[in-house]
Amino acid sequence: DFKKLQLREIHMQSIEEEICSISPDEAGRYEILRITKRIAEVKNETEREIYTQRLSKKISVSKRALKKDIKNATTKEEEVQPVLTANFPGLVDVAIDKGETVFIIKEKNFLKVVNENGNYRPPAKENFPFSLPRAEKVLEHYCNGDDKKLFEDVVTYLKRFSFLPDKQWLIVVCKVFLTYLQDHPDIHYLPMILFYAVPERGKSRTGKAAVYICYRGIHVVDLREANLFRFSENYNATLFIDMMDIWKKAEKNGSEDILLLRYEKGAKAARVIYPEKGPFRDTVFYNVFGSTFIATNSAMHQILDSRGINITMPNKPDNYENPTPELAQTLKERLTAWRARVIYEPLPEVDKNGLNGRLLDIS
């Protein structure tokens, strides 16, 4: 017992010396992480509290933040937890296989279905706010896909739910295919599709029909920035934002920057999340890039309008079907297989046709 007491005193002195040796102006992340791990090893709660308080004063970081780091700290390298993710290089998509979520991964010209990839594992089915393709169907369509027939079937599908002139349907259909290529290295901008009209012209019906067959499509009826950040960061989702006056709502929620930046790859929205951590460590930069459809009753703000293609819905009442995720399931699986076939293929060069500026970017 006496030896244990001696060792504990040496351990305490060592931590105390480390805390005292830190320069507040040069406190690096590595040094702080190392000390918090050492504090986590201390069994006595009173001693841990003393060290936490001293470290907090030394580096001007709140005790609350340090306690979270200490709680999460571990000295056992073998206790690495699996990382739940839906995004990594080589991933075609997350799918369902025998009721469980799996990864469909492309290696060279082959697809493989796995339950995990290294330390990555897919979230559970209930954690996805959109329907997932069936793995066996994606593999089937990957081997037997007909791209021209797929394109024609997408056009036919969309026309079941609303009316647009054929040239405007062409834009919407191309946009649906584009959502499956948004992480392609040759893609740098994504045009928003902006449906505008007075009520009861089929905006919502058209947007839902499209987003249900899009890559990870989510129908959104609010602009809560926490949700938008998660949909973008965690899912790389296609969003259909459906509301009466979208710009007014964006200003009210302070989310104008999210809307304006979604069309550009690499764009990030900054938020101060940890003010107690001081300069540089207080801010989180969220990726907000992704495909976007918008439906609104009010005219678009001119800055937002320049980032998209505006489609005014005509008045063509008829007995249209109601779009549902179930009606879109087969097409979604065929489109996922198409993504697997072309995701690493170079895109063809096209004539600019006199376009320039932002219109050229999004075109």
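Numbering starts at 1 and runs along the sequence shown.
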Legend entry - Stepwise side chain to side chain contact (heavy atoms under 4.5 Å, CB included) test for Ser56 and Tyr51: CA-CA 8 Å; Ser56 172; Tyr51 292 139; over 6 Å; no

Legend entry - ILVMFWY cluster, Tyr320 and Leu158 together (side-chain gap under 4.5 Å): no

Inset, instruction - Please tell me if the side chains of Lys208 and Asn322 come closer than 4.5 Å, counting only heavy atoms from C-beta onward. - result: no

Inset, instruction - Supply the atom-to-atom distance Arg54 CZ to Lys63 NZ, rounded to the nearest 0.5 angstrom. - result: 12.0 Å

Legend entry - Path from Leu181 to Phe88 over hydrophobic side-chain contacts below 4.5 Å: no

Inset, instruction - For the pair Asn127 (side chain) and Pro123 (backbone), establish whether a donor and an acceptor sit closer than 3.5 Å, ignoring hydrogens and angles. - result: no

Inset, instruction - Looking only at non-hydrogen atoms, find the nearest pair between Gly217 and Phe130 and report the distance. - result: O-CB, 3.2 Å

Inset, instruction - Would you check if Phe195 and Thr296 make a side-chain contact, meaning some heavy-atom pair closer than 4.5 Å? - result: no

Inset, instruction - For side chain to side chain contact (heavy atoms under 4.5 Å, CB included), just list the numbers for Val94 and Val102, CA-CA rounded to whole Å, side-chain angles, deciding distance to a tenth of an Å, and then say yes or no. - result: CA-CA 6 Å; Val94 178; Val102 294; over 6 Å; no

Legend entry - Hydrophobic cluster identity match, Leu347 and Val173, side-chain contacts under 4.5 Å: yes

Inset, instruction - Keeping the roles fixed (side chain from Arg307, backbone from Ile303), state whether a donor-acceptor pair exists under 3.5 Å. - result: yes

Legend entry - Short side-chain donor-acceptor distance under 3.5 Å, Arg271 and Thr283: no

Legend entry - Centroid separation Phe240 to Phe293 less than 6.0 Å: no

Legend entry - Nearest non-hydrogen partners of Met192 and Leu259, listed with the distance: CE-O, 2.8 Å

Inset, instruction - Check whether Phe128 and Tyr212 end up in the same hydrophobic cluster, where Ile, Leu, Val, Met, Phe, Trp and Tyr are linked by side-chain heavy atoms less than 4.5 Å apart. - result: no

Inset, instruction - Would you check if the distance from the ring center of Phe151 to the ring center of Phe177 is below 6.0 Å? - result: yes

Legend entry - Rounded distance [0.5 Å steps], CD in Glu41 versus CD1 in Ile39: 10.5 Å

Legend entry - side chain to side chain contact (heavy atoms under 4.5 Å, CB included) assessment of Arg201 paired with Asn315: CA-CA 6 Å; Arg201 289 288 180 86; Asn315 185 20; 3.3 Å; yes

Legend entry - Side chains of Ile294 and Ile193 in contact at under 4.5 Å (non-hydrogen atoms): no

Legend entry - Arg205 bridged to Glu321 by N-O distance under 4.0 Å: no

Legend entry - Single-linkage hydrophobic cluster Tyr215~Leu327, side-chain heavy atoms < 4.5 angstrom: yes

Inset, instruction - Check step by step if side chain to side chain contact (heavy atoms under 4.5 Å, CB included) holds for Asp305 and Leu194. - result: CA-CA 8 Å; Asp305 188 67; Leu194 313 173; 3.9 Å; yes

Legend entry - Polar contact flag, side-chain donor to acceptor under 3.5 angstrom, Glu225-Ser255: no

Inset, instruction - Kindly compute the distance separating CG (Asp186) from CD (Glu349), expressed to the nearest 0.5 Å. - result: 8.0 Å

Inset, instruction - Kindly compute the distance separating CD1 (Ile96) from CZ (Arg134), expressed to the nearest 0.5 Å. - result: 11.0 Å

Inset, instruction - Mark yes or no for whether Tyr157, through its side chain, and Ala209, through its backbone, hold a donor-acceptor pair below 3.5 Å. - result: yes

Inset, instruction - Tell me yes or no: between the side chains of Lys203 and Asn297, is some donor less than 3.5 Å from an acceptor? - result: yes

Legend entry - Backbone N/O of Gly290 and side chain of Thr292: donor-acceptor pair under 3.5 Å: yes

Inset, instruction - Could you tell me whether the side chain of Asn44 and the main chain of Thr46 form a donor-acceptor pair under 3.5 Å? - result: yes

Inset, instruction - For residues 227-249, pull every pair meeting salt bridge (Lys or Arg N to Asp or Glu O under 4.0 Å), keeping only residues two or more places apart or in separate chains. - result: none

Inset, instruction - Locate the shortest heavy-atom distance separating Asp147 from Arg341; write the atom from each residue and the value. - result: OD1-NH2, 2.5 Å

Inset, instruction - Using atom types as modelled and distance alone, determine if a side-chain donor or acceptor of His184 lies under 3.5 Å from a backbone N or O of Glu345. - result: yes

Legend entry - Closest non-hydrogen atom pair, Ser162 against Thr206: OG-OG1, 2.6 Å

Legend entry - Minimum-distance pair of heavy atoms, taken over all atoms of Lys175 and Pro191: NZ-O, 2.8 Å

Inset, instruction - Kindly state each residue pair satisfying salt bridge (Lys or Arg N to Asp or Glu O under 4.0 Å) with at least one member in residues 96-119, sequence neighbours excluded. - result: Glu107-Lys112, Glu116-Arg121

Legend entry - Sidechain-backbone polar pair: Arg216 side chain, Tyr235 backbone, donor-acceptor under 3.5 Å: yes

Inset, instruction - Please name the pair of heavy atoms, one in Ile187 and one in Lys265, separated by the smallest distance, quoted to 0.1 Å. - result: O-NZ, 2.8 Å

Legend entry - Trp338 and Tyr180 aromatic ring geometry - parallel, tilted or perpendicular at 30°/60° bounds: perpendicular

Report, one line per pair, each donor and acceptor closer than 3.5 Å where one atom sits in a side chain of residues 355-363; sequence neighbours left out.
unit_1	atom_1	unit_2	atom_2	d
Arg358	NE	Tyr263	OH	3.4
Arg358	NH1	Ser306	OG	2.8
Ser363	OG	Leu359	O	2.6

Legend entry - Pair Glu333-Gln329, side-chain donor/acceptor within less than 3.5 Å: yes

Legend entry - Atom pair SG/CG of Cys214 and Leu335 - distance to nearest 0.5 Å: 8.5 Å

Inset, instruction - With salt bridge (Lys or Arg N to Asp or Glu O under 4.0 Å) as the test, would you mind laying out the steps for Arg334 and Asp146 before giving the verdict? - result: CA-CA 9 Å; Arg334 293 171 65 188; Asp146 183 336; over 6 Å; no

